[in-house]
Amino acid sequence: MTVLARPRVRTFDLVVVANRLPVDRVVDPDGTEQWRTSPGGLVTAMESVMPGRDGAWVGWAGEAGEAPEPFVENDMYLQPVALSAEEVEQYYEGFSNETLWPIYHDVIVSATFHRFWWNAYRAVNQRFAEAAARVAAPGATVWVHDYQLQLVPAMLRELRPDVRIGWFNHIPFPPVELFAQLPWRQSLVEGLLGADFLGFQRTADAENFLRACRRLVGLPTKGDTVTHHPHGDDGEAHTVRASAIPISIDFNGLDELARTPEVKARAAEIRSSLGDPEILMLGVDRLDYTKGIRHRLKAYEELLRDGEVAPPETALLQVATPSRERVAAYRNLRTQVEGTVGRINGEHSPIGAQAVQYLHHSYPRSEMAALFLAADVMLVTPLRDGMNLVAKEYVSCRHDLGGALVLSEFTGAARELHQAFVCNPHDIEGLKQTIMRAVRAPEADRRRRMRALRKRVADHDVQRWAQRYLEALASAPERPERQGRHGKSA
Ligand code: ADP
Ligand code: G6P
């Protein structure tokens, strides 16, 4: 038997591990292959901080079946991980998005528990850990992201005790009463405690995690740290920090983009194609039940009914990116939103104008910037959201100090963007009043607010977030497992 030498694998000092790669492979019906930017805030943020760091990104290419070969894109080495059709159903749509996502977002829809989904989640997390172990250089920094990969830190630690492992949660971490429902809660906590540092969006999220460690796993916590025994009760104790480092966006990049003549002209064109309304309201979201789109439409419909606003003087543009389209709750949401938009337009649109213009597409960054620049009132009304980067993107595009941001208090962004028009989307009466306050605010008040909002985002941009995160990870205490040797190879 001939033993073939293992092909040499490139290794990196910085490795990002996320469920999705920054680009998705899409094969058109005629067989042509395209790579498209993946949806969501995780990719928006990490895509801004990875170029120039000579790093690798381990993730799924968005299609069931064999993984494409590794490739370099935008200065990053992309290492695809394969998911079978069954794993897409059980690990991604199932455990990640029908079990964890609802539990981590206040059970806005109910969560489903299946043991076979959990088994798939474990198996796929193991595969991601192995892929990360292969591309991480000795002593590398491995940065694991989000709820889909909570077992990766401990699995990777087992394979590669030499690497430094961080995990960042882009979504909320649930209160202990909700987290407790998960039959696999202890394994999830233990999976995360394989990391050197755990980052969260809000202090409340980090506190929820620490409370789960204390109450559900019996681990002692002190301040923002938790102590555990990675090698069993007789082994050496180790302390892990869990703390808030809120994510952000590339302020300068967006500010610059929104100042280009092309984007300014496009913003004017968007307004004119909508009939130059006096007030253009805008919503931009993944079509997700956490985003409060139905609450927003309800408030708007009532404002139309009450005669507070009327087309064509007022228009609402709702951009809803397709998302998780095979999951029942998302399909139901789409049906409800599209039905509501149809009803509102049927009842309130005059000939030649639409009360609500609804777009179910993804757009390039420049088009998003033009939309933000065109909108007088930005409606960000999630029922629960880890951060909400759309809110930060909107203010970054408003170099003209125009526009007003209506922002749900249930977003991570509300912890920072105090000068927004803050609302509780469950309170439809209050939401209507807040929208009208934003519409009617004197220009001087709107400009003062926008100036302060922009300063906040400019001073706390995504580069600063990444730097703070990586510094916190680098200064984490040495783990007992890291004994100056390199671990088992994957
Ligand atoms: P989430 O990560 O839950 O989707 P965020 O608001 O944090 O929510 O991030 C959403 C990201 O996706 C933002 O960068 C936003 O600009 C982008 N985005 C949302 N809708 C679209 C769209 N239709 N086309 C292109 N990008 C979009
Ligand atoms: C949120 C999550 C990300 C996820 C994104 C898009 O931002 O935090 O982890 O990638 O939504 O969702 P999808 O299921 O399409 O990856």
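One-based numbering, in listed order, for ligands and for the atoms of each.
Of all atoms in ligand 2, listed by their number and element, those nearer than 4.0 Å to a heavy atom of Arg324 are 5 (C), 6 (C), 11 (O), 12 (O), 13 (P), 14 (O). For ligand 2, the atoms lying closer than 4.0 Å to a non-hydrogen atom of His170 are 8 (O). For ligand 2, the atoms closer than 4.0 angstrom to any heavy atom of Gln148 are 9 (O). Less than 4.0 angstrom separates some heavy atom of Gly41 from each of these atoms of ligand 2: 7 (O). Set against the non-hydrogen atoms of Arg286, the atoms of ligand 2 under 4.0 Å away are 1 (C), 6 (C), 11 (O).
Taking the ring axis of Trp184 as reference, the NZ or CZ atom of Arg115 does not stay both within 45° of it and closer than 6.0 Å to the ring centre. For the pair Arg202 and Phe173, the cation does not sit on the ring face, since its NZ or CZ is not both under 6.0 Å from the ring centre and inside 45° of the axis.
Residues satisfying the ring pair (Phe, Tyr, Trp, His ring centres under 6.0 Å) test with His426, not counting sequence neighbours, are His295, Phe410. Taking His145 as the reference, His170 meet the side chain to side chain donor-acceptor pair (under 3.5 Å) condition, with sequence neighbours excluded.
Protein residues lining ligand 1, listed by chain and number: Gly40, Gly41, Thr44, Val284, Arg286, Lys291, Val319, Thr321, His361, Ser362, Tyr363, Arg365, Met368, Asn388, Leu389, Val390, Glu393 [non-hydrogen atoms, distance under 4.0 Å].
Considering backbone and side-chain N/O of Arg20, one or more are found under 3.5 Å from N/O of ligand 2. Of the N or O atoms in Trp101, none lie within a sub-3.5 Å distance of an N or O in ligand 2.
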Side-chain donor-acceptor pairs of residues 56-68 under 3.5 Å, sequence neighbours excluded:
unit_1, atom_1, unit_2, atom_2, d
Trp57, NE1, Arg20, O, 3.0
Trp60, NE1, Glu63, O, 3.1
Glu63, OE1, Arg25, NH1, 2.7

Passes side-chain contact (heavy atoms from CB on, under 4.5 Å), Leu216 versus Gln186? Steps please. CA-CA 7 Å; Leu216 303 175; Gln186 179 157 350; over 6 Å; no
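Distances from ligand 2 to the non-hydrogen atoms of Leu42 include at least one value under 4.0 Å.
Using modelled atom types, one finds no donor on one side chain facing an acceptor on the other under 3.5 Å when comparing Asn97 with Tyr330. For Asp276 and Ser272, the side-chain atoms include no donor-acceptor pair closer than 3.5 Å.
Here the two rings, on Tyr92 and Trp117, have centers that are 6.0 Å apart or farther. You'll find the ring centres of Tyr469 and Phe197 inside the 6.0 Å limit.
In this structure, Phe179 and Leu188 have side chains that are in contact, with non-hydrogen atoms separated by less than 4.5 Å.
For atom 14 (O) of ligand 2, the closest non-hydrogen atom of the protein is Tyr92 OH, 2.5 Å. Here the protein heavy atom with the shortest distance to atom 8 (O) of ligand 2 is Asp146 OD2, 2.6 Å. In terms of protein heavy-atom proximity, atom 6 (C) of ligand 2 is nearest to Pro39 O, 3.6 Å.
Contact annotation: for Ile171 versus ligand 2, heavy atoms closer than 4.0 Å belong to the side chain alone.
Using the six-membered ring where Trp is involved, Tyr121 and Trp118 have ring planes that are parallel, under 30° apart on the 30 and 60° scheme.
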